[in-house]
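Numbers restart at 1 for each chain; the letters A, B, ... are given by sequence-line order, proteins then strands. This one's a predicted model, so the numbers in the text were calculated from it and none came from an experiment.
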Amino acid sequence: MSARPIAFTDVRLVDPASGYDGPGALLVRDGLIAEVIQGAAPSGISEDFQRIEGRGAMLAPGLVDLRVKSGEPGAETKETLKSAALAAAAGGVTSMVVQPDTHPTIDEASVVDFILRRSRDIGLVHVYPAGAATKGCDGERMAEIGLMRDAGCVYVTDVDRPIVDSKVMRRVLSYASSFGVLVAHRPADPWLSAGAAATEGEFASRMGLPASPAIAERIMLDRDLALVELTGARLLVDQVTTAGALESLARAKVKGLPVTATTSINHLSFNELDIGDYRTFCKLDPPLRCEDDRQATIEALACGLIDIVVSAHAPAPAEDKRLPYAEAAPGAVGLQTLLPALLALHHDGGLPLIDLMRRVTFAPAQALGLAAGRLAKGAPADLVLCDLNAPVVIDLDALVSKSRNSPFDARRLQGEVRMTLVDGRVVFGG
Amino acid sequence: MSQPPSGLNEVLERTFPFPRRHFLSVLDLNEVEAANLLDLADAFVGLSRQTSKKLDLLKGRTLMNLFFENSTRTQSSFELAGKRLGADVVNMSPRSSSISKGETLIDTAVTLNAMQPDLLVVRHSASGAASLLSQKVSCSVINAGDGQHEHPTQALLDALSIRRAFGRIAGLSIAICGDVMHSRVARSNVAFLQMLGASVRIVGPPTLIPAQADRWGVEIHHDLRQGVKDCDVVMMLRLQLERMDGVLAPSAREYFRFYGLDREKLAFAAPHAKVMHPGPMNRGVEIDSDVADDLSVSLIQDQVEMGVAARMAVLTSLAARLDNDR
């Protein structure tokens with residue numbers, strides 16, 4: 001459809017790419033950003049434009065979420081590409097990367113193509129498939145990384161399953177880098193974390209939960225960083241959540257290794273004590289950590305050691321969560337809560353808004369080489385208009401995901417998405 | 001009906017009402033409730049020793065035993081406790097019946113709950129299972145062991161055995177030895193005995209001591225002789241062979257050599273020290289028969305007897321005064 005051009009006026013423009021955070025206006029035409037006007041409100045915007053009064057709300061690039069699980073194909077009872085896209089639109093997420101651990105696994109070009117076609121038909125937000133690094137995410141046989149890249153996959157990963165065999169990991173890194181494909185890897189020592197439902201420590205001991213030590217994350221990260229040094233390949237570290245691993249990451253960055261790191265909004269927002277009386281909505285993978293680790297993660301986010309924040313959206317229906325803790329499925333939905341939860345670090349934690357927004361817009365877009373994530377003339381008009389100060393109480397029944405396993409249940413946050421645009425089209429609000 | 005044992009009515013008068021619906025964790029109790037439960041249990045001991053053992057405190061109530069894990073002594077102990085108090089008792093073992101085929105824990109519990117039991121006694125291999133059930137059913141839930149988390153009635157019966165042997169618990173030095181890592185008995189006992197004023201140590205190889213257990217306010221020892229030194233009570237734990245994932249101890253014989261309680265190691269404890277074990281024992285692994293069977297030091301038989309009395313106290317507290325038109 002040929003959408004009417006839109007003019008946002010009286011907004012607070014937050015553009016991490018240019019570093020501008022201030023009043024302004026923004027014009028959208030033909031799916032692109034036609035003009036960014038910083039400072040005083042312009043006079044004489046043409047009558048053709050549909051005018052949207054921001055009343056001081058934030059207008060920022062739409063969020064780019066690098067780690068989203070949808071149940072499609074294979075587990076559509078958990079989430080479909082459509083329900084995930086609706087949740088994304090409602091949360092101000094305009095681009096999402098879906099994970100390949102589906103049934104069948106996204107480990108060949110035809111499945112990549114399926115995801116892209118389905119998403120085009122749905123037509124809400126941009127959906128980019130990640131491909132499996134190994135066939136069936138088995139950690140043994142390399143997947144067709146080159147063919148998947150040509151079909152449109154944006155990075156390769158085995159998702160929650162670490163590639164145990166260092167030889168396989170080395171080959172994946174060097175092979176993928178020759179195609180310019182980024183490799184994402186979850187740092188977790190598989191033996192120390194086998195069967196774990198919590199992080200080792202006083203809390204898990206008292207609750208009698210099978211636990212893995214926090215150091216399991218650092219052990220695997222250290223190996224991965226050494227392999228990056230060996231191969232020169234780029235690595236996307238998938239969710240750093242412990243102080244120990246952050247030390248290793250800091251050393252690698254000082255050395256100039258080509259690593260980019262993410263963490264999840266959950267690990268910035270909760271610690272292991274939130275598990276309380278075996279609340280399975282707080283069962284995550286990686287498991288929630290101690291408060292010292294959470295503080296270290298926030299600190300790393302503030303100083304830029306962690307580049308990107310992901311929602312780690314992982315839908316699990318009630319039947320997978322209403323089980324004894326150790327037997328319950330891990331994961332939490334997060335597309336719709338990512339932005340308000342991140343804003344809590346600004347409202348309560350005092351982190352600069354523009355720095356936080358960078359971690360969910362420009363930084364992830366840059367890591368994948370996407371044109372999204374910036375407020376620049378000619379860039380795609382993927383935008384979120386958010387009332388920063390509006391109070392919201394997270395209500396599970398109001399989530400549009402098919403699964404409603406959110407640990408933010410009943411949390412009081414600040415920041416309400418008023419409108420989401422993708423390629424200049426309003427996909428939420430308005 | 002039998003005569004209530006002397007003192008029971010006095011304790012019942014004094015201690016009611018019990019303010020909780022479920023009995024899930026010793027941490028839910030305060031000191032007064034703990035002392036009341038012990039007094040009540042103590043008053044029930046005499047009943048089991050009479051020829052005629054039946055009271056009607058729980059007449060008309062239904063007690064359901066739901067044991068997802070095999071158990072001989074805990075299940076029969078609850079069964080006897082219920083019957084001696086006049087309740088109707090049903091034993092369900094989902095493992096051997098068709099009830100749980102493909103059903104989740106909650107489905108099973110909701111099904112059984114629809115049969116309107118008043119008391120549901122649950123044992124399950126997952127930590128937190130009893131607490132989960134208590135949120136989904138309308139009757140009282142009693143935790144008879146949830147994974148590696150808690151076994152609160154065991155702590156109650158152990159405390160009762162100790163109190164009867166020593167006349168007090170406050171000020172005693174108690175060593176809990178062996179596989180603490182996998183033991184719900186140890187977790188409940190550490191918390192409960194500390195609440196009652198004992199000083200607790202835990203003893204075992206580092207592979208069987210939980211992470212950061214030092215924050216429980218206990219002394220940790222890796223040498224059994226040092227660990228039991230001058231202790232009043234030595235509580236041995238079962239080496240849960242069926243639960244050992246891999247090899248947390250190299251062999252039974254090496255374990256016995258360093259962590260099995262025999263006369264020689266027991267000699268390091270106080271001269272009047274008593275030995276306890278929650279059972280079932282692995283003789284020659286964590287405890288020598290010579291020690292286990294010596295009635296002058298072993299409280300192991302008393303523990304079993306106190307088990308019935310302790311459970312009667314819990315059942316009475318939860319259900320004796322249920323409102324009839326609830």
Side-chain angles (χ1 to χ4, degrees), chain A residues 77 189-217 242-244 271-283 287-293 316-330 405 409, chain B residues 22 24-28 68-69 102-110 122-136 143 145-151 179-188 190-191 194 202 208-218 220 240 243 245-246:
Chain A
T77 52
D189 180 280
W191 294 284
L192 283 172
S193 25
T199 304
E200 193 173 282
E202 186 194 2
F203 178 76
S205 291
R206 191 149 33 80
M207 302 303 276
L209 290 173
S212 69
I215 207 74
E217 183 169 287
T242 62
N271 68 25
E272 58 187 356
L273 298 182
D274 287 298
I275 294 167
D277 188 17
Y278 302 101
R279 284 183 67 214
T280 55
F281 280 6
C282 288
K283 184 177 178 187
L288 287 174
R289 310 299 193 181
C290 68
E291 178 63 8
D292 288 352
D293 282 333
E319 61 265 30
D320 293 347
K321 282 290 188 184
R322 260 185 227 145
L323 292 170
Y325 197 83
E327 296 167 18
N405 51 308
D409 180 18
Chain B
H22 306 295
L24 302 175
S25 160
V26 295
L27 294 173
D28 294 340
F68 290 87
E69 272 187 344
E103 256 185 0
T104 64
L105 171 65
I106 288 184
D107 288 339
T108 305
V110 168
V122 182
R123 168 169 290 188
H124 194 277
S125 59
S127 301
S131 159
L132 177 66
L133 278 192
S134 72
Q135 296 160 28
K136 309 288 173 185
N143 182 3
D146 63 328
Q148 296 163 12
H149 179 222
E150 280 236 33
H151 191 356
D179 184 2
V180 178
M181 169 103 79
H182 298 97
S183 176
R184 52 195 173 213
V185 175
R187 282 173 181 76
S188 287
V190 167
Q194 281 180 336
I202 59 180
L208 294 176
I209 301 291
Q212 298 188 342
D214 50 320
R215 296 204 192 165
W216 293 355
V218 295
I220 296 179
Q240 316 222 9
R243 280 209 184 132
D245 258 345

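If you take CZ on Arg206(A) and CD on Gln148(B), they are separated by 15.5 Å, rounding to the nearest 0.5 Å. In this structure, OG in Ser25(B) is found 8.5 Å from CE in Met207(A), a value given to the nearest 0.5 Å. Taken to the nearest 0.5 Å, the CD atom of Glu200(A) stands 8.0 Å off from the CD atom of Gln212(B).
Looking only at heavy-atom pairs under 4.5 Å with chain A, the residue among Pro210(B), Gly128(B), Ala191(B), Ala126(B) that has the most is Gly128(B). Of the listed residues Val190(B), Ile106(B), Leu105(B), the one with more heavy-atom pairs under 4.5 angstrom with chain A than any other is Ile106(B). Of the listed residues (Ala211(A), Ala326(A), Gly201(A)), the greatest number of heavy-atom pairs within a distance under 4.5 Å of chain B belongs to Gly201(A).
Nearest heavy-atom pair across Leu323(A) and Leu132(B) is C-CD2, 3.5 Å. Nearest heavy atoms, His149(B) versus Tyr278(A): CG-OH, 2.8 Å. Shown here for Arg187(B) and Ser205(A), the closest heavy-atom pair between the two residues is NE-O, 2.5 Å.
Under the salt bridge (Lys or Arg N to Asp or Glu O under 4.0 Å) criterion, Arg289(A) pairs with Glu217(A), not counting sequence neighbours.
Gln135(B) touches chain A through its side chain: at least one heavy atom from C-beta onward sits under 4.5 Å away, while N, CA, C and O do not. For Glu327(A), the part sitting under 4.5 Å from any heavy atom of chain B is the side chain, from C-beta outward, and nothing else.
Of the possible polar contacts, one joining the Ser127(B) side chain to the Gly208(A) backbone as a donor-acceptor pair under 3.5 Å is found.
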